[in-house]
Number of protein chains: 2
Amino acid sequence: MMTHKRFSPPRSRRERPAKPALTRQGIIDAALAILREEGLHKVTMRRIAEALDTGPASLYVYVRNTTDLHVQILDALLAAATSPLTVEGTWRDRLKQVLMRYTSVLFNYPEIARMTLTMHPSGPNYLALLEQLLALLKEGGMPDREAAWVVDLLLLYATATAVEQSTRQSSSVAADEDSVLVAAITTIDASVYPHIAQLGNELFSGSGPDRFAWGIDVLLSGALSTPRAATEQEKTDAI
Amino acid sequence: MMTHKRFSPPRSRRERPAKPALTRQGIIDAALAILREEGLHKVTMRRIAEALDTGPASLYVYVRNTTDLHVQILDALLAAATSPLTVEGTWRDRLKQVLMRYTSVLFNYPEIARMTLTMHPSGPNYLALLEQLLALLKEGGMPDREAAWVVDLLLLYATATAVEQSTRQSSSVAADEDSVLVAAITTIDASVYPHIAQLGNELFSGSGPDRFAWGIDVLLSGALSTPRAATEQEKTDAI
DNA sequence: ACCTGAACACCGTTCAAGT
DNA sequence: ACCTGAACACCGTTCAAGT
């Protein structure tokens, strides 16, 4: 049956060791593969070790802990969000495209989105995103002081939206909660909650993308018309 | 030694049963106590069962699963965020107070804040908060259509800020990441990232509360000056 | 109906011992 | 220096058996 194996030429050291040397990058790659196929909740030390045909303890030579691993994963994913722009149009249109691309990356990995809110990335891909946004804000005539703060607001908004939407989409529990909220609001006691009752379904109107785009316009228009108060230092300087 | 026990009067059924009957509310109360004293990561089925002097399996009579339990906890905490206002001032000032009180509740429980982003609460306390905000927006002259959307934006902003700040404060890992980001930005290559280099430390300027208050003003001013586009339905109606 | 012990199928991390 | 088996100290959830 297996005798033909005898005739295959001998390899340099062994026949298909099948077990590549452990490296930090190898661990991250394995983690990304599991993330894609099984979700972040399966990206555990034990599961990665299994994929690399070793024990969990071996990973700790290259990875400090689980958080360390997650930071690396986020950075790798962010690469997909910073390719050159494909849309012509006003600076606002292009800014929306950048942010929507950023959200759509996070959208595909709910748990990563949740993580991003907690730990600011600082890798080259995140910096590239920041640079892109700042360039567009300058083009739109946003003063430096306001640009510095609103870029944070825009990223926070995009990230939070991704977290909210993505988990809502992937878990049926969240969908149930939504219908509970819709039911609570449409049948609400108008004498206790008059304003909610008056708006009613208006609170749920519009599509996700429409609301997101409107939110960005709100942030941009608001920032353009809301100067930051002078800091204590600046007040002193002005004397 | 223990003979004096003989002389103590007999209780109705037993001497100090010490084990109160299991109820849903009892489980939630125990969970809240553990949350306060040990953090959400300790609010596990096993830990609660231990506190109630029973086995984890017994809890499943009253609680569907861990998420179910977390939803209840969130609702209970939200009660603290909706007491009557204490501040006089413009509608904007009072709206800021409401949102800052909401964030400060979440601030004390980082893990609950993270949860809130994922699953919209629909309990009476959440509705009261919504009602309060809508009343203030109306007072500020916000049209209904925009008020319905911006209230969501305000709550999303407040929640996301709470998540970001609170985990940053409680974990030293996050602090490390921050200094990594600061270092990355202050020593950045100006030929690759000109706009980031130009703003430099301006990106980190200001205190948390100042930035938060500015953000709310941005959202309010932006919403007041950014009408929502007409929906398809409304376009049809207009003919 | 309510409660329980025990089990199943998992986690992250450490550490002494090997190579 | 790198790798590992085994252990420690945990998880959520289910289920058959008891009261």
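In what follows, every chain begins at residue 1, and chains take the letters A, B, ... in the order their sequences are listed.
The listed nucleotides are C/dT13, C/dC11, D/dT14; the one nearest the side chain of A/Thr44 is C/dC11. Residue B/Met45 has its side chain nearest to D/dT13 when only D/dT4, D/dT13, C/dC11 are considered. Among the nucleotides D/dT13, C/dT13, D/dC15, the one closest to any side-chain atom of A/Thr66 is C/dT13. Distance from the side chain of B/Asn65 is smallest for D/dT13 among the nucleotides D/dT13, C/dT13, D/dC11. Of the candidate nucleotides C/dG12, C/dC2, D/dT4, C/dC2 has the atom lying nearest to any side-chain atom of B/Val61.
Atom-to-atom, CG of A/Leu52 to C1' of D/dT4 comes out at 14 Å; the value is rounded to the nearest Å. Straight-line distance from the NE2 atom of A/His41 to the P atom of C/dG12: 12 Å, rounded to whole Å. When the C1' atom of C/dT13 is taken as reference, atom CG of A/Leu69 falls 14 Å away, rounded to whole Å. Residue A/Asp53 contributes atom CG, which lies 13 Å from atom C1' of D/dC3 at whole-angstrom precision. In this entry the distance linking CG of B/Leu59 with P of C/dC2 reads 14 Å, nearest Å. Here D/dG12 presents its P atom at 14 Å from CG of B/Asp68, a figure rounded to the nearest Å. Between the P atom of D/dC3 and the CD atom of A/Glu50 lies a distance of 19 Å, rounded to the nearest Å.
Contact check, A/Tyr62 against D/dC3: a side-chain N or O comes under 4.0 Å of OP1 or OP2. Within the structure, every side-chain polar atom (N or O) of A/Thr54 is placed at least 4.0 Å from both OP1 and OP2 of D/dC3.
Using a cutoff of 4.0 Å between basic side-chain nitrogens and carboxylate oxygens, B/Asp29 and B/Arg24 are not scored as salt-bridged. Salt bridge present: A/Arg47 and A/Glu38 bring a charged side-chain N and a carboxylate O closer than 4.0 Å.
When the C1' atom is compared between C/dA16 and D/dC3, the two are found 13 Å apart, to the nearest whole Å. Using atom C1' as the reference point in both D/dC2 and C/dA17, the two lie 13 Å apart (nearest Å).
Donor-acceptor pairing under 3.5 Å is recorded for the side chains of A/Glu202 and A/Ser205.
A 3.5 Å limit on both hydrogen-bonding distances identifies D/dG18 as the Watson-Crick or G-U partner of C/dC2. Under the Watson-Crick and G-U wobble criteria, each requiring two contacts below 3.5 Å, nucleotide C/dA7 is paired to D/dT13.
Contact of the B/Leu99 side chain with the B/Leu155 side chain is registered, since non-hydrogen atoms from C-beta on lie closer than 4.5 Å.
From A/Ile196, atom CD1 reaches atom CD of B/Gln132 across 10.5 Å, with rounding to the nearest 0.5 Å.
Between B/Val43 and A/Arg46, the residue whose closest nucleotide on DNA chain D is further toward the 5' end is A/Arg46. Place A/Leu22 and B/Arg47 on DNA chain D by their nearest nucleotides, and A/Leu22 ends up nearer the 5' end. When each of A/Lys42 and A/Ala57 is assigned the nucleotide of DNA chain C with its nearest heavy atom, A/Lys42 is the one assigned upstream, toward the 5' end.
For B/Leu156 against A/Ala160, the heavy-atom pair with the smallest separation is CD1-CB, 3.7 Å.
Nucleic acid contact for B/Ser58: base, since at least one base atom lies under 4.0 Å from a heavy atom of the residue.
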